[in-house]
Protein chains: 2
Amino acid sequence: MAPGAFKMRDLTEACGVSDQAVRLYERLGLLEPVGRTAKGYRLYDASSVETVRFIKQAQRSGFILEEIKVLLRTDIRDEHACEAMKVLLDRKLRTLTERLVELQGMKDVLHSLRQACEGEPGPLCPAFLKLCVPHCAVSDPKGARPLRRR
Amino acid sequence: MAPGAFKMRDLTEACGVSDQAVRLYERLGLLEPVGRTAKGYRLYDASSVETVRFIKQAQRSGFILEEIKVLLRTDIRDEHACEAMKVLLDRKLRTLTERLVELQGMKDVLHSLRQACEGEPGPLCPAFLKLCVPHCAVSDPKGARPLRRR
DNA sequence: TTAAGGTCTATACTTGGGTATAAACTCAAG
DNA sequence: CTTGAGTTTATACCCAAGTATAGACCTTAA
């Protein structure tokens, strides 16, 4: 067992993920063990911990595993690959920004709704649908997908 | 067909959702048709449109359908039910706030990463993992779930 | 040396929120 | 009265990102 290398359990404890998740990342091509023991046990090192943490952080930020793979695999010497990453980053930055605006909007709505709840314990609350729906109507029909599917 | 009532197609077009989704919401208890024609066609009205729009907006804000059901069903005369809604709102407000902070953080990271990408097309980029991972390490191990599951 | 616990592979199942398809029935226009 | 679009039910499938389980093998401490 190479110096500084450790087995599955240490990795999962360092990162707060399950061993199954780690093996899933491997199957999907996001994380390769640095080696195997003679008996076939996966070996990891500090860089593996970094990688898994990066995966989790990127996930929390709305990247899916397939996209994170692109992020992780981009070879800096490959002009073409780099370009793909830039595209991905730009796309994500855009949706991230939209998402932030949207969440902030809903936070405001929930906040005032919560306030209303706190007031008179009666006729204020039922207005909650009315309180929210106008906001929905204003924001253009994002969820709108092309219908007419038959 | 009651005045002001309309059928599935009008509802889906007004809200930008599929008919299947609408029937799913019904199965899950979020949306009841206001009636049925003699032949069994579902009938909706303006309030149905409001409800579906509310569902979509709430979804975009991170509520899952099961939670939206609580929001929609809360009977204002029921002290107990109202309390449950307050709890739900508080919980959501908290996670929404956390989420906003997290996303803003990642937005900043992606932004500087994107900038770095744009600079020298060479030795700047490889630092990208290092650029991100410290940020991950700082934010406490949120994803940490209890392990030791066997 | 044996028992507990770690790891391996492989397969199946879960959840959330849908979509796809089939087969039957209905409605409206030509 | 036929044809095409709309609707109904029911069942199956999809994706993402895992979790659960089984059965085999390995490691370590008592």
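All values reported here derive from a predicted model rather than from experimental measurement. A, B, ... follow the sequence lines: proteins, then strands. Residue 1 opens every chain.
- Ionic pairing of E13(A) and R9(A) is present here: one or more N-O contacts between side-chain nitrogen and carboxylate oxygen are shorter than 4.0 angstrom.
- Rounded to whole angstrom, the span from the CE atom of M8(B) across to the C1' atom of dC27(C) amounts to 16 Å.
- Across all strands, L24(B) comes closer than 4.0 Å to base atoms (heavy-atom distances).
- Here dG6(C) presents its C1' atom at 14 Å from CG of L11(A), a figure rounded to the nearest Å.
- For the OP1/OP2 pair of dT8(D) and a distance below 4.0 Å, the side-chain nitrogens and oxygens of R9(B) include no atom meeting the criterion.
- Y25(A) has no side-chain polar atom (N or O) that falls below the 4.0 Å cut-off from OP1 or OP2 of dA17(D).
- Rounding to whole angstrom units, CZ of residue F63(B) and P of dG17(C) are separated by 12 Å.
- Put simply, CG on L30(B) is 13 Å from C1' on dG16(C), counting in whole angstrom units.
- If you check every strand for non-hydrogen atoms under 4.0 Å, R27(A) touches nothing.
- Picking from dT19(D), dG18(D), dC8(C) the nucleotide with the shortest atom distance to the side chain of S18(A) gives dT19(D).
- R42(A) has a side-chain polar atom (N or O) that falls below the 4.0 Å cut-off from OP1 or OP2 of dT9(C).
- Residues Q104(A) and K107(A) bring no donor and acceptor atom of their side chains to less than 3.5 Å of each other.
- Contact annotation: K56(B) reaches the phosphate of dG18(C) (side-chain N/O to OP1 or OP2, under 4.0 Å).
- Remark: C1' of dT15(C) and CG of L28(B) are 12 Å apart, rounded to the nearest angstrom.
- Distance, D19(B) CG to dT26(C) P: 18 Å, rounded to whole Å.
- Relative to the ring axis of Y44(B), K7(B) does not place its NZ or CZ within 45° and under 6.0 Å from the centre.
- No chain of hydrophobic side-chain contacts below 4.5 Å, direct or via other Ile, Leu, Val, Met, Phe, Trp or Tyr residues, connects L30(A) to I64(A).
- Summarising the geometry, the separation between OH on Y44(B) and C1' on dT8(D) is reported as 11 Å, rounded to the nearest angstrom.
- With DNA chain C read from its 5' end, the first of the two nearest nucleotides for Y41(B) and E66(B) is the one closest to E66(B).
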Test salt bridge (charged side-chain N to carboxylate O under 4.0 Å, His left out) on R23(B) and E26(B) and set out the steps. CA-CA 5 Å; R23(B) 283 188 286 261; E26(B) 181 180 333; over 6 Å; no

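- On a pure distance criterion of 3.5 Å, a polar donor-acceptor pair joins the side chain of Q20(B) and the base of dA20(C).
- In this structure, L43(A) places its CG atom 17 Å from P of dG6(C), rounding to the nearest Å.
- Counting only heavy atoms from C-beta on, R23(B) has its side chain closest to dT9(D) among dG18(D), dT9(C), dT9(D).
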